[in-house]
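Encoded as structure tokens, the structure appears first; notes follow it.
So you know, we letter chains A, B, ... as the sequences are listed, proteins then strands, and number each from 1.
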Amino acid sequence: MRRAQLLALQFLVAAVALTIWHVLTTHQFFGRYLLEPFFFSTPADVAARVVRWFREGTIWRHLVVTLSEVLLAFTIGSLAGVLVGFWFARKPFVAAVFDPYVKMINSLPRIVLAPIFTVWLGFGIWSKVALGVTLVFFIVFFNVYQGVKEVSPAVLANARMLGMNERQLLRHVYWPSALSWMFSSLHTSVGFAVVGAVVGEYLGAAAGLGYLIQQAEGIFDVAGVFAGIFVLGVFVIVIDAVVTLVERRLLAWRPVAAEARD
Amino acid sequence: MEASRPTGSEKVVSKTAPAMRLDGVGVAYRFEKGSYPAVERADLTVADGEFLSIVGPTGCGKSTLLNLAAGLIAPSEGRIEVLGQPLQGLNPSAGYLFQADALFPWKTALENVAIGLEVAGISPAEAHARARAWLARVGLSAFAGRYPHMLSGGQKKRVALAQVLIRDPKILLMDEPFGPLDAQTRQIMGNLLLDLWNADRKAVLFVTHDLEEAIALSDRVVVMSAGPNACIIGDWRISLPRPRDTADVRLEPAFHEIHREIWAKLKEEVSKTYTQAEEETA
């Protein structure tokens, strides 16, 4: 019952927003449009565009391109983040040596790297993947580093007293602890993979949702821009729902992850 | 009821090699500015099958002594022998029940109990079967699939007890294991511990600040002085009959007698700790 109520209210929010948008862009008040349709388009136009994209099937190519960039950026960034995070956490000296560089690159607005990646890797998906990787890597890296560092001393001492050798400690203690930290940042890192892909496409590409939006913008096709944003928004929500499912399965042992959501 | 005067622990004679022997052991923690002598010249022998408790005021180095016995820290001086062999590195004959929550939060109760066998190379199937049996012994059969955060404080301690005992250690080290529990649960856990211990009589080194608990459980109670330079200042044999009920035994006159005697000694040390604390704040 409460779930249905919540859903109804959520729909209501969308309905109200769409209605206001519709009314202000299609009806004149005081002799003029309060929202000029040329600049703001109309809900009906945007909906028609989205429907057309899917009916003609042109959107799928862009969705597939963006999705593969997101998945590649996430996978590569996470793997690199886990490996380097582990390495730095177990070798404090290495971490100390690299510390200023890690800080520098992490605080750099990643968008300035996009032109370099385009020059190096071309207009294909790999320059977007590279941009996404630089974003995902640091999130995962910091979390894994923290996860390995913050293993409770009592748990560690217990593991050693139970007879674990170095390899078993890694597998039964450090690894699960690091993964739990990594998974707790799953939403953020996947979100950043999307940002990397779409921004990369926006700055120069031949396909993808970011490219679609940028193309529409180039010809003042506001309906196209909004339609692209809408598709992107749904795309992100679907990905987020998948992440939530994965997280529920993997972090069943965590009190926060199991209860805080929903 | 015999309550011997404090004696040097080396007088406790045992035919076989003692489970544990600390000989003039001292520990100093080094900081950037100087060092803190935590324990000084500790001589302690734990006989095979003996349940020995160490009591003392907070911060007296009881836990330090236990970590020494476990091999988690190395002594600055003196020597430690385990079953007649000098201790190097971790103590492989010891099981350690920690004061803090030390279960693996990402493993279920069953996996937590089985892990000690699995890392020793026993097949997962057999390890799980034996872990199930141990969970039954500590009364948690129905909770095998639960993660630690779904268990109460007392249940977690039961899992931890099974986790340690499943490896069948010769020596059991316990660092205020029931400290965080409420009074009723402590007594229940105390009885559970005595039942399990009675089955094969391991040597136990039990650290607590609760004198009543120490007397109710132990064969011998050792009192440590207030730190720094904490050392052993008293050694009592508790000859209350076994099997004991940790709640009922407290009502016996003999219990009160020995309690009064040990408390007289312990009280001096506790008040010393408080005076020190007041001097530091003043």
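Looking only at heavy-atom pairs under 4.5 Å with chain B, the residue among A:Pro176, A:Ser152, A:Gly163 that has the most is A:Pro176. Highest contact tally toward chain B, considering only A:Pro153, A:Ser180, A:Ser177, is held by A:Ser177 [criterion: heavy-atom pairs under 4.5 Å].
When the shell of 6.0 Å around CZ of B:Arg201 is examined, it contains more than 12 heavy atoms from other residues, nucleotides or ligands. Residue-environment remark: CG (A:Leu79) exceeds the threshold of 12 foreign heavy atoms within 6.0 Å. The environment of CG in A:Leu12 is crowded: more than 12 heavy-atom neighbours from other residues, nucleotides or ligands sit within 6.0 Å. More than 12 non-hydrogen atoms from other residues, nucleotides or ligands lie less than 6.0 angstrom from CZ of B:Phe178. Atom CZ of A:Phe235 has more than 12 neighbouring heavy atoms from other residues, nucleotides or ligands inside a 6.0 Å radius.
Of all residues in residues 113-128 of chain B, those placing a non-hydrogen atom less than 4.5 angstrom from a non-hydrogen atom of chain A are B:Ile115, B:Gly116, B:Val119. Of all residues in residues 73-110 of chain B, those placing a non-hydrogen atom less than 4.5 angstrom from a non-hydrogen atom of chain A are B:Leu90, B:Asn91, B:Ala94, B:Tyr96, B:Phe98, B:Ala100, B:Asp101, B:Ala102, B:Leu103, B:Phe104, B:Pro105, B:Trp106, B:Lys107. Listed by sequence position, B:Arg167 are the residues of residues 165-174 of chain B in contact with chain A, using a 4.5 angstrom heavy-atom cutoff.
Put simply, the side chain of B:Leu72 reaches to within 4.5 Å of the side chain of A:Arg160, judged on heavy atoms.
The salt bridge (charged side-chain N to carboxylate O under 4.0 Å, His left out) test applied to A:Asp240 returns no partner, not counting sequence neighbours.
When heavy atoms are compared at a cutoff of 4.5 Å, A:Val173 approaches chain B by way of both its backbone and its side chain.
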